[in-house]
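Contents: one structure, followed by commentary.
Lettering of chains follows the sequences in order, A, B, ..., and the numbering in each one begins at 1.
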Amino acid sequence: MRKIAFLLVVAVAFVMVFAFSGCGDRETVIKVGINAPLTGDIPKVGEGTKYAAQMWLEDIEKAGGLEVGGKKYKVELVIEDNESKSDSAVKANTKMITQDDVLVIVGPQSSAQAVPAGEVANNYKTTMISPWSTNPATTLDRPYVFRGCFLDPFQGPVVANFIIEEFGFTKAAVLYDVASDYPKGLAEVFKAAWEKKNGAGSIVAYESFTTKDTDFSSQLTKIKRSGAQVLFTPQYYNEVPLIVKQAKDLGWTGPIVGSDSWGSAETVELCGEPCYGQFFSSHYAAAGAKGATKEFIDRYNKAHGYIPDDVAALTWDALRLAQQAIENAGELTGKIETDRTAVRDALAKVKDFAGITGNMTFTEEGDPIKCAVIVKINDKGEYEFYKSVCP
Amino acid sequence: MDYFLQNLINALQWGSFYAVISIGYSMVYGVLMVFNFAHGDIFMLGTYIGFAIATLFIAVFSALLPTWVIFAAVVIITMFLASWIGVFVEVVGYRPLRQAPRASAAITGLMIGIIFETGILIFLGAKRLSFPPLMESHVYNIGGVYFTNIKVMVIVISLILMLALHGLIQKTKWGMAMRAMSFDFLAVPLMGVSINIIAPLTFAIGAGLASVAGILYGQAYPILDPYMGVLIGWKAFVAAILGGRGSIKGAAMAGYLLGFIEIFVAMVFPSTFRDLIAYSIILLILTYRPRGFFGMEYSTKLRL
């Protein structure tokens with residue numbers, strides 16, 4: 001008897017669990033997945049992503065939900081931590097697509113995670129927008145994967161041209177992490193672009209290290225000896241301060257130039273004075289911003305106490321792109337597979353979207369056409385708009 | 001020539017860290033015949049303690065006391081606090097498993113290490129911290145060789161630490177007890193030397209050394225993250241093996257050698273191949289000298 005009673009309780013519990021989880025929420029709730037590095041190597045990037053997403057959700061809630069085909073839908077965020085690891089990013093995407101039934105995914109941010117995670121999203125035919133990933137492989141031959149920023153191959157020549165125009169240098173050195181997709185890809189593109197302008201052999205030192213290394217003295221000694229006039233290092237904020245400081249300690253006096261991975265607010269916080277006066281290419285610059293960009297910066301600063309970095313701004317744009325795509329998708333059928341494809345088609349058609357990081361129009365590949373900004377770290381440690389470089 | 005000298009200084013600094021950290025592995029192995037795999041994370045925790053003390057002292061005393069007094073105080077207090085981490089690891093992780101199979105005792109260290117990493121992650125968040133400079137950095141240039149006062153300080157303090165440890169082990173009663181224990185841990189307790197005192201003492205000294213290495217590391221590479229001890233811990237472990245298990249002199253020498261190999265391989269070959277070539281060289285050394293530089297014959301050890 002007790003056994004039967006027990007079984008009955010279990011059975012009822014099961015039914016209830018299924019009844020509640022399946023309970024037609026799908027009809028009125030749109031779930032948006034966020035795949036972000038909340039812990040791991042670059043938690044600051046994850047934090048910016050999360051804050052931007054929460055601000056976006058606030059706006060939606062204030063408007064009473066998202067209007068699609070004349071019907072208001074509630075929006076829910078599903079935020080998954082990818083620990084800044086590729087396999088976790090893949091798992092997070094799989095979970096959000098197969099278990100949470102998200103309509104679109106925003107993230108992952110770094111190319112190292114976005115490239116493998118994009119594969120999953122594309123296989124499941126779910127729209128994914130990576131706000132920050134600049135590696136071409138993220139969207140290549142993946143109709144369901146988009147991005148909110150320009151590409152590595154675009155940044156390489158932009159930085160190379162900027163250095164040549166600004167300083168007139170002919171010899172450059174590169175220092176990059178050989179074990180990470182983003183720096184490696186960008187280093188190669190920069191080298192190709194530089195040598196195209198200055199001839200073969202004009203990259204006088206092409207040095208590398210591996211993730212987690214902290215001592216770059218022997219590479220930097222080599223770079224210094226090579227007679228390079230400028231050092232290009234497309235690294236993240238946890239390595240940039242070490243590289244810049246050690247270079248100065250070894251008597252390096254030339255400029256050190258980076259890419260958008262420098263753009264995190266922590267770079268200057270950790271690096272301090274040695275980083276003042278250096279340049280990097282980026283998606284936006286906080287100092288000197290106007291209009292909607294300034295509005296976003298002020299609001300973020302008020303809520304979280306610091307100026308948002310490019311990740312937050314790009315995430316904001318990516319979410320608003322997703323919003324526009326959902327709104328343009330016509331009617332939602334409630335059948336998640338059909339709706340996902342409808343959103344994808346609507347997103348591909350977005351033209352001249354006015355983002356806070358610039359106007360965007362998507363190409364066939366799902367990459368936006370937009371301008372890059374050269375940022376100078378000024379004497380107060382702020383990221384100052386220096387120059388805009390368009391394709 | 002200046003190029004060579006520059007790399008020599010680079011290697012001396014980098015090797016100092018390996019040397020001081022690898023000694024911690026070697027000492028514990030000498031006494032307990034297990035490797036303390038938490039040592040890399042003890043180094044990490046020591047650096048965080050140093051960070052806390054340094055931040056506090058700079059905030060409170062920077063106007064009152066000269067730099068070197070603050071520096072000395074930070075080192076001594078950090079060393080004292082960090083040695084208790086060593087005691088904790090011994091008492092919690094190793095003592096209950098002293099009679100357990102060797103493999104179980106070896107992985108307790110790994111587990112404690114992971115607990116430390118995630119503990120820091122939970123309490124302080126994953127945010128990187130910047131170690132405050134305890135002294136102003138000056139760059140000197142002698143004949144094209146660039147070095148900073150911090151580089152010199154790292155090298156000198158590491159050497160002083162190792163000499164002091166050598167003195168402690170060779171000249172004091174405690175040192176004698178430790179040496180005796182590493183010679184035969186069955187007979188020595190019968191003479192009235194308790195392993196329950198010597199073992200935590202060994203862990204404490206190792207942790208104290210690692211924490212000073214952490215402060216110096218914080219001056220040279222001022223970015224702290226919860227996983228900073230993993231890679232350097234593993235490499236220092238390689239040095240401890242290369243030096244001969246249980247040999248402190250060997251660990252120190254192998255630590256420097258490892259630093260030299262890493263730096264000079266990158267000087268001669270493309271830096272992409274640095275670790276590949278560097279660790280192939282070490283593999284080769286171990287192939288021809290499996291006991292490392294100063295390792296004892298297996299048969300002379302009672303317990304193996």
Pick one of side chain, backbone, both or neither for [X], based on which atoms fall under 4.5 Å of a heavy atom in chain B.
{"X": "A:Glu207", "result": "both"}
{"X": "A:Lys248", "result": "backbone"}
{"X": "A:Gln246", "result": "side chain"}
{"X": "A:Lys245", "result": "side chain"}

Heavy-atom proximity to chain A below 4.5 Å, by part of [X]:
{"X": "B:Pro222", "answer": "both"}
{"X": "B:Ala11", "answer": "neither"}
{"X": "B:Leu231", "answer": "side chain"}
{"X": "B:Leu129", "answer": "backbone"}
{"X": "B:Tyr217", "answer": "side chain"}
{"X": "B:Thr272", "answer": "both"}

Evaluate the side-chain proximity of [Y] to [X]: yes if any heavy-atom separation is below 4.5 Å, no if none is.
{"X": "B:Asp225", "Y": "A:Lys212", "answer": "yes"}
{"X": "A:Lys224", "Y": "B:Gln6", "answer": "no"}
{"X": "B:Asn10", "Y": "A:Leu250", "answer": "yes"}
{"X": "A:Asp213", "Y": "B:Arg274", "answer": "yes"}

Looking at [atom1] of [X] and [atom2] of [Y], how far apart are the two atoms once the value is rounded to the nearest 0.5 Å?
{"X": "A:Asp215", "Y": "B:Tyr221", "atom1": "CG", "atom2": "OH", "result": "3.5 Å"}
{"X": "B:Phe260", "Y": "A:Ser218", "atom1": "CZ", "atom2": "OG", "result": "12.5 Å"}
{"X": "B:Leu5", "Y": "A:Thr221", "atom1": "CG", "atom2": "OG1", "result": "11.5 Å"}
{"X": "A:Lys222", "Y": "B:Met267", "atom1": "NZ", "atom2": "CE", "result": "9.0 Å"}
{"X": "B:Asp275", "Y": "A:Thr210", "atom1": "CG", "atom2": "OG1", "result": "5.0 Å"}

Does atom [atom1] ([X]) have a neighbourhood of more than 12 heavy atoms from anything else shown, all under 6.0 Å?
{"X": "B:Phe273", "atom1": "CZ", "result": "no"}
{"X": "A:Lys85", "atom1": "NZ", "result": "no"}
{"X": "A:Glu273", "atom1": "CD", "result": "no"}

Check for a donor-acceptor pair, side chain of B:Arg128 on one end and backbone N or O of A:Asp41 on the other, with a separation under 3.5 Å. yes
So which residue, A:Leu242, A:Asp249, A:Val178, ends up with the most heavy-atom pairs under 4.5 Å with chain B? A:Asp249
Among A:Glu239, A:Glu269, A:Arg225, A:Glu266, which has the most heavy-atom pairs under 4.5 Å with chain B? A:Arg225
